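Okay, so here's the structure we're looking at.
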Amino acid sequence: MNRLSLPQRFCSFRSSFQFKLFIRFTLFSAVIAVVCGTLFVLHQINQNKRHAKEMLQLQAHGLADAVRLPLYAENADLLLSYAAETMGLPEIRAVEIVNARGKVLVRLPPSLPGSPEELIRERAEVHGHALAPSPEQALSGEQAAAGDLVGEVRLYRGTDDLWREGRRLAALSVLLAAACWLFVSVSCYLILRRVTASFNSLMRGMEKVHGGDYVSRIDIVSDDEPGRASALLNELAEALRQREEENRRLHTELMAAMDFEVASKEQLVSINLDLEKEIEQRTQARQELKNLVQQLPLGIVWSDERGDIEYLNSFLLDTFGYGPEQAPDLDALFALICPDRAYRESVLEKRRAAIAAWEQGNLVTFYEVSALCRDGSPRHLNCSNQRSGTRIVDIMIDMTERELLQQQIVRNQKLESIGVLAGGIAHNFNNALTGVLGYISFAKKFVEPAHGAHELLLQAEKATMRAAGFANQLLCFARGGAPLKKGVPVAALVEEAVQFSTKGTRVRATIELPEDLPPIFVDDGQMRQALNCICINAVQAMPEGGEFNVRGRLVSSERERLPAPLCGCYVELSFRDQGCGIRDEHKSSIFTPYFTTKAELGTGLGLATVHSIVTRHGGMVTFDSQLGKGTTFTLYLPIFCMESSAS
């Protein structure tokens, strides 16, 4: 057994419970010893001082009795002898004899030695002999009256002997207190050692058990709580020893079983690896499925049998503006997207029929729903339902963008076909007009200005020039030529187009463009023509005057939804007028060439030209119109950047 060194044993003792108790007991005993010794010394000093004062009082009375007659006679020599005799007494430092008038007759020494605070002073009055009591006073028991005051004596005693006695008592008390403290400390140590012996034995036994020694037993020193705990710990150690033996036996059997299973270890490892791979693949597939459902461009709603919604993907929040807070159940959701009660009931009936068809034969039934978004915009949905366990899955496919895109594709195809046809006609028509214009110009040379046919030839030439302008406009719509793109400030184009179109009219125009709006990457001439057509169309829609507002801002597909198929950053220009608006039956034809509701004002090529120019620049034109409230045309134009200029 390794024995600890002295410093280690001291450190172990300092951290023990016995040391903590020993320190508390010794400090307590030291405080008591100091307090008792101090009180004893103070008491003895007070006792000695009181005894000295009493002795001095007796000496003063004795001197007063001795000097009565000399003091009465004021015999200074005799009084001086009595005073000198009194000075011979121990610790008497000064003697004063004073007559009844307060005159000092004798003073030894002439001045008081030391400070008055270091001396003890006592005085005694000197009276004459008392008269004998009268018979009446004797019978009544009264004392005779004292004699007349002759004077008084004053004695002054030193305190050096008292201080010496006090120091001796202090030293003695310190020795006694130290001896008592040492005795108490040793006694406490021995008593605590005896008292904590069973506790220390218990702690050593617990350390052995904690270290894995289940064979050694704790010596039971006493039949107290630690002793009984030691007995219980011995029983626990025995139980742990038996358990350890049982574990060893089981370990031996387990090792034998493991040896028996070694042959199939590689197969088990292979199976485990396959299972882990399958679990990982399923986890990854589940996460990918969750991400896919979250990012799907269609609405997914999970609900239980009662209609409470358990899950909504982000499509409903992004598209309709409704989340779990606004739609906790299906009734609330359908009440929001289908506010008309009769129409909502018909939709719910179609939903129940779709669920029944799925339950009967896993048949997927689609039904159309016209939904209303939170911002009031309508959406066309194609919905279906499936059942998965206790859940009912509602699938909502947004067909709005697809239908708009399909309409735009059809419109572009129509415009492209019309453009090809118009280009051919305009080209041939332009060639024919070139010949007609040449012949008219040639005929003017043979006719004098005063001739009557000269004015007719001028009118024919002007009509031919107007026809040539129409042909050029038709050619611009048909092919337009490759745009020469560059960075163009938006404000300059918009202000020029607005001033050009509103000059001389009763239309009040306002332009709201941010100062930090970036330039657009377009052909200056073609875009100027497109903006002129938009502004002229707005002014023509307000023949009686009105408000014409132009606004611009920077938009991005990363922050908001843009019309398909736009992607990236664009400058959005909106032109809003207060005209009569566009009828619903005319909305699908406004970009068609030669279609116009103002035959007396235009040719029907303005909006078709705008659509052709903006589309050719990689942008888009949309519109929103309400009959009687006005129309808003919105242009999305690509912004100018280094990448676009390099391309």
Side-chain angles (χ1 to χ4, degrees), residues 465-466 469-470 472-474 476-477 480-481 483-555 570-582 590-591 596-617 619-625 629-640:
M465 292 296 293
R466 285 197 300 272
F470 293 152
N472 289 332
Q473 188 176 4
L474 193 60
C476 180
F477 161 73
L484 302 177
K485 299 180 183 180
K486 62 179 180 179
V488 180
V490 181
L493 290 178
V494 172
E495 291 174 358
E496 181 181 348
V498 170
Q499 292 177 1
F500 174 77
S501 59
T502 58
K503 187 175 182 179
T505 66
R506 290 183 289 178
V507 175
R508 297 180 301 276
T510 58
I511 301 175
E512 301 177 12
L513 298 177
E515 295 181 357
D516 57 348
L517 198 64
I520 54 179
F521 191 59
V522 296
D523 186 302
D524 189 6
Q526 293 186 13
M527 193 53 58
R528 197 182 305 274
Q529 181 182 1
L531 296 183
N532 287 338
C533 292
I534 286 285
C535 295
I536 291 172
N537 184 77
V539 172
Q540 291 176 352
M542 298 181 290
E544 302 298 328
E547 295 288 341
F548 178 44
N549 181 258
V550 182
R551 294 182 180 180
R553 66 187 184 106
L554 180 64
V555 296
Y570 295 85
V571 170
E572 179 187 87
L573 294 177
S574 60
F575 300 83
R576 183 178 182 275
D577 61 60
Q578 295 180 341
C580 57
I582 303 174
I590 63 171
F591 294 121
T596 179
T597 58
K598 304 182 291 292
E600 69 280 0
L601 297 177
T603 61
L605 285 176
L607 293 179
T609 303
V610 172
H611 186 277
S612 176
I613 292 174
V614 173
T615 305
R616 195 181 306 125
H617 282 79
M620 180 171 287
V621 183
T622 62
F623 70 94
D624 181 26
S625 181
K629 295 184 178 181
T631 305
T632 301
F633 282 92
T634 304
L635 276 63
Y636 295 90
L637 304 174
I639 65 173
F640 175 76

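Positions are given from 1 along the sequence. All values reported here derive from a predicted model rather than from experimental measurement.
- Closest of all the heavy-atom pairs between Glu512 and Asn549 is OE2-ND2, 3.4 Å.
- Separation of atoms OG1 (Thr505) and CD (Gln540) is listed at 11.0 Å; rounding is to 0.5 Å.
- For the pair Ser501 and Ile536, the minimum side-chain heavy-atom distance is below 4.5 Å.
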Pair Leu635, Leu531 - check side-chain contact (heavy atoms from CB on, under 4.5 Å), show working. CA-CA 9 Å; Leu635 276 63; Leu531 296 183; 3.9 Å; yes

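- Judged by distance alone, the side chain of His617 and the main-chain N or O of Asp523 form a donor-acceptor pair under 3.5 Å.
- Residues satisfying the side-chain hydrogen bond (donor to acceptor under 3.5 Å, both in side chains) criterion with Glu547, sequence neighbours excluded, are Arg508.
- Pairing each heavy atom of Ala538 with each of Phe548, the nearest pair is CB-CE1, 3.5 Å.
- Of all the heavy atoms in Phe640 and Lys486, the pair that sits closest is CD1-C, 4.3 Å.
- Qualifying side chain to side chain contact (heavy atoms under 4.5 Å, CB included) partners for Glu495, counting only residues two or more places apart in sequence or in other chains: Ala491, Ile511.
- The shortest heavy-atom contact between Leu637 and Met527 is CD2-CE, 3.8 Å.
- Applying the side-chain hydrogen bond (donor to acceptor under 3.5 Å, both in side chains) test to Gln578 and every residue at least two apart in sequence or in another chain returns nothing.
- Separation of atoms CE (Met620) and CD (Glu572) is listed at 12.5 Å; rounding is to 0.5 Å.
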side-chain contact (heavy atoms from CB on, under 4.5 Å) for Leu607 and Phe623? Distances and angles first, verdict last. CA-CA 11 Å; Leu607 293 179; Phe623 70 94; over 6 Å; no

Evaluate the side-chain contact (heavy atoms from CB on, under 4.5 Å) criterion for residues Met542 and Asp577: first the C-alpha distance (whole Å), next the side-chain angles of each, then the deciding distance (0.1 Å), finally the verdict. CA-CA 8 Å; Met542 298 181 290; Asp577 61 60; 3.8 Å; yes

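- Asp524 meets the salt bridge (Lys or Arg N to Asp or Glu O under 4.0 Å) test with Arg528; sequence neighbours excluded.
- By the side-chain hydrogen bond (donor to acceptor under 3.5 Å, both in side chains) test, Arg506 pairs with Glu544, sequence neighbours left out.
- Partner Thr631 forms a side chain to side chain contact (heavy atoms under 4.5 Å, CB included) with one of Ile582, Asn537, Asp624 and no other, that one being Ile582.
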Stepwise, does the side-chain contact (heavy atoms from CB on, under 4.5 Å) test hold for Tyr636 with Leu573? CA-CA 7 Å; Tyr636 295 90; Leu573 294 177; over 6 Å; no

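- For Thr632, there are no side-chain hydrogen bond (donor to acceptor under 3.5 Å, both in side chains) partners two or more places apart in sequence or in a different chain.
- Distance check: Ile613 CD1 to Gln526 CD gives 5.5 Å after rounding to the nearest 0.5 Å.
- Cys535 and Phe575 make their closest contact through SG-CE2, 4.1 Å (heavy atoms, listed as atom of the first residue, atom of the second, distance).
- Residues passing the salt bridge (Lys or Arg N to Asp or Glu O under 4.0 Å) test with Glu515, sequence neighbours excluded: none.
- Qualifying salt bridge (Lys or Arg N to Asp or Glu O under 4.0 Å) partners for Arg576, counting only residues two or more places apart in sequence or in other chains: none.
- Every residue meeting the side chain to side chain contact (heavy atoms under 4.5 Å, CB included) condition with Pro518, not counting sequence neighbours, appears here in chain and number order: Leu554, Val571, Ile639.
- Under the side chain to side chain contact (heavy atoms under 4.5 Å, CB included) criterion, Pro514 pairs with Asp516, Leu517, sequence neighbours left out.
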